[in-house]
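Order of appearance sets the numbers: ligands from 1, and atoms from 1 within every ligand.
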Amino acid sequence: MPYLTPTYLIHLNLPDMLPEALALAGQIIREGGLVAFPTETVYGLGANALDEQALARIFAAKERPTSDPIIAHVAYLEQVAELAQDIPPEAEALARVFWPGPLTLVLRKRLHVPDLLTAGQPTVAVRLPDHPIARAFIEAAERPIAAPSANRFSRPSPTRAEHVLYDLSGRVDVILDGGPTPIGLESTIVDFSQPDEPPRLLRLGGLPLEALRAHLPTLSLPVLRLNADQPAPAPGTLLKHYAPTAEVVLFRGQDEAALRRALRSAAEARLAQGQRLAALLPDGWVNWLTGLPIQVMAWGEDSAQRSARLFAALRELEQQPIDAILACAPPQVAHDGLDMAAWDRLLRAAEGRFHDV
Ligand code: TXA
Ligand code: MG
């Protein structure tokens, strides 16, 4: 345990409480404390991005290695100038289209930006979130806010205040509870820091790839890393990530009948070995395991629902006494950017392994 502090959970469903809660949260940030807050993607664990000691508290609370850099959140575009040397025209144009929103830009950092924020790299990641509480909180703090997802390292990202409390109770001063986060997956990250190279996609996320590419045709895509022995393309893109405590077993394929047979026979084999199973299946496929003693969770009808529910579903399932979670890629995974991003998270939860049917 790095330290113990009482954690205050403030429900913001009463609008009257908002000004007072924001004033308190802003003061805690200026004094070097930690405030968890909702964004449109996931909950963030916020601290003053320019305060080395406050940043150290983030790493301690999350038990996160300092080799993993943190995104700085701003309340308006002009605030980027506090963190980055410059913003390339292509990056600024993208920000003008998608900010506020689930897009993070990696830019060349200014000298005074702490090394702890950027993992010693000459770059800084910046995002302007699209959530009224997040923006009001950053304004109240009068500082850019460093915020990783508010989970313990390697755990699924939190999409509800109770997920934050579960992982970080006693390690964060205040949690601003703004209800469930609408997108449910972290921001899409694009690297603009190499002036002579095309912008590079570092992480799939809440801004769908097809929307991004429509505005950024020069975008270079990461090589899909399916093998744990290959080096990570960017810090923080480890294969083991977002992992719930149960094993995650994944299936993907174009032929529905074959996929269904593969899922069922894997389920039967595992049940025969005495394993306790749950399954996460796109809504149209929930009857695929009918007749077997398996708790089947409907993942969602479309990619927006599936993204919004994924992390909460993993956290809910791990509360059950189960050994493994079986999950199938939705049919749209090959062309729908949100489903791609959700699959990317599941793949990491499964440490990079999946059954290609
Ligand atoms: O939606 C989000 O992005 C959420 C909310 C809270 O804003 N935040 C989030 O932060 O997902 P986190 O810490 O869980 O993921 C941040 C990732 C790092 O793991 C790393 O991959 C990338 O952002 N990153 C941060 N700074 C970077 C930099 N200077 N260069 C390259 N990648 C960077
Ligand atoms: Mg995270």
Side-chain angles (χ1 to χ4, degrees), residues 34-47 49 55 58-59 61-75 83-85 98-110 113-131 133-135 137-138 144-159 163-164 167-168 175-176 178 181-194 199-207 222 225 232-243 307 311 341 344-345 348-349:
L34 301 184
V35 174
F37 63 101
T39 79
E40 79 281 27
T41 59
V42 300
Y43 275 77
L45 178 61
L55 293 170
I58 291 185
F59 286 98
K62 282 188 58 115
E63 297 176 28
R64 169 173 169 133
T66 52
S67 54
D68 196 359
I70 300 180
I71 298 170
H73 297 67
V74 294
L83 300 156
Q85 289 177 23
F98 293 115
W99 278 2
L103 169 70
T104 295
L105 304 176
V106 173
L107 305 170
R108 293 187 305 150
K109 76 164 194 170
R110 289 184 56 177
V113 173
D115 275 342
L116 210 45
L117 184 75
T118 66
Q121 301 185 89
T123 58
V124 63
V126 190
R127 162 165 127 79
L128 201 172
D130 186 17
H131 192 293
I133 295 174
R135 293 183 67 186
F137 160 59
I138 303 166
I145 297 291
S149 50
N151 50 278
R152 286 215 204 172
F153 187 62
S154 282
R155 302 260 307 131
S157 291
T159 55
H163 301 159
V164 181
D167 276 16
L168 298 178
I175 302 171
L176 300 175
T181 59
I183 294 179
L185 296 176
E186 307 85 346
S187 60
T188 300
I189 306 180
V190 183
D191 184 357
F192 282 95
S193 66
Q194 305 299 322
R200 209 159 54 106
L201 180 72
L202 296 185
R203 178 171 78 181
L204 290 164
L207 179 68
R225 187 166 154 267
T237 53
L238 302 173
L239 270 178
K240 181 174 161 51
H241 214 136
Y242 311 107
S307 300
F311 288 136
D344 167 84
R345 304 306 190 264
R348 290 173 206 283

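Interface of G44 with ligand 1, defined as ligand atoms under 4.0 Å from a residue heavy atom, comprises 6 (C). Atoms of ligand 1 lying under 4.0 Å from at least one heavy atom of A125, given by number and element, are 25 (C), 26 (N), 27 (C), 29 (N). Annotation for ligand 1: atoms under 4.0 Å from non-hydrogen atoms of R127 are 1 (O), 2 (C), 3 (O), 5 (C), 7 (O). Near P69, meaning under 4.0 Å from any of its heavy atoms, are these atoms of ligand 1: 18 (C), 24 (N), 25 (C), 26 (N), 27 (C), 28 (C), 33 (C). The distance from ligand 1 to the heavy atoms of D68 drops below 4.0 Å at these ligand atoms: 18 (C), 19 (O), 20 (C). Against a heavy-atom cut-off of under 4.0 Å, L202 is close to the following atoms of ligand 1: 31 (C), 32 (N). In the vicinity of I189, heavy-atom distances shorter than 4.0 Å reach the ligand 1 atoms 17 (C), 22 (C), 23 (O). Using a 4.0 Å cut-off to heavy atoms of P148, the atoms of ligand 1 that qualify are 10 (O), 12 (P), 13 (O).
Classification of the F37-F137 ring pair by plane angle, with boundaries at 30° and 60°, yields tilted.
Heavy atoms only, all atoms of each residue included: H131 and E40 are closest at CB-N, 3.7 Å. Residues N151 and S154 come closest through the heavy atom pair ND2-N, 4.4 Å. The nearest pair of heavy atoms linking I145 to I138 is CG1-CG1, 3.9 Å. When every heavy atom of A72 is checked against every heavy atom of A49, the shortest pair comes out as CB-CB, 4.3 Å. Smallest separation of non-hydrogen atoms from L117 and V113: CD2-CG1, 3.6 Å. Heavy-atom minimum distance, S157 versus F311: O-CB, 3.3 Å.
Ranked by closest heavy atom to atom 7 (O) of ligand 1, the top entry among R200, K62, H73, E186 is H73. Remark: among candidates S157, S149, G184, the nearest residue to atom 9 (C) of ligand 1 is S149, based on non-hydrogen atoms.
Where the criterion is an N or O separation shorter than 3.5 Å, residue side chain and backbone included, T41 meets it with respect to ligand 1. Considering backbone and side-chain atoms alike, S187 places an N or O below 3.5 Å from some N or O of ligand 1.
Here CG of L185 is found 12.0 Å from CG of L207. Values are rounded to the nearest 0.5 Å.
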TODO: Could you please spell out the steps behind the salt bridge (Lys or Arg N to Asp or Glu O under 4.0 Å) verdict for R155 and D167?
DONE: CA-CA 9 Å; R155 302 260 307 131; D167 276 16; 3.4 Å; yes
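Contacts between R64 and ligand 1 below 4.0 angstrom, taking non-hydrogen atoms only, involve the side chain exclusively. Contacts between T123 and ligand 1 below 4.0 angstrom, taking non-hydrogen atoms only, involve backbone and side chain alike. Counting heavy atoms closer than 4.0 Å to ligand 1, residue D191 contributes nothing at all. By the criterion of a heavy-atom distance under 4.0 Å, the backbone of A147, and not its side chain, is placed next to ligand 1. Using a 4.0 Å cut-off between heavy atoms, Q121 contacts ligand 1 through its side chain alone, with no backbone atom that close.
Evaluated for a salt bridge (Lys or Arg N to Asp or Glu O under 4.0 Å) with E186, the options R348, R345, R203, R127 yield exactly one hit, R345.
Residue S149: an N/O/S atom is found under 2.8 Å from the Mg ion (ligand 2).
Between the side chains of S187 and T104, at least one donor N or O lies within less than 3.5 Å of an accepting N or O.
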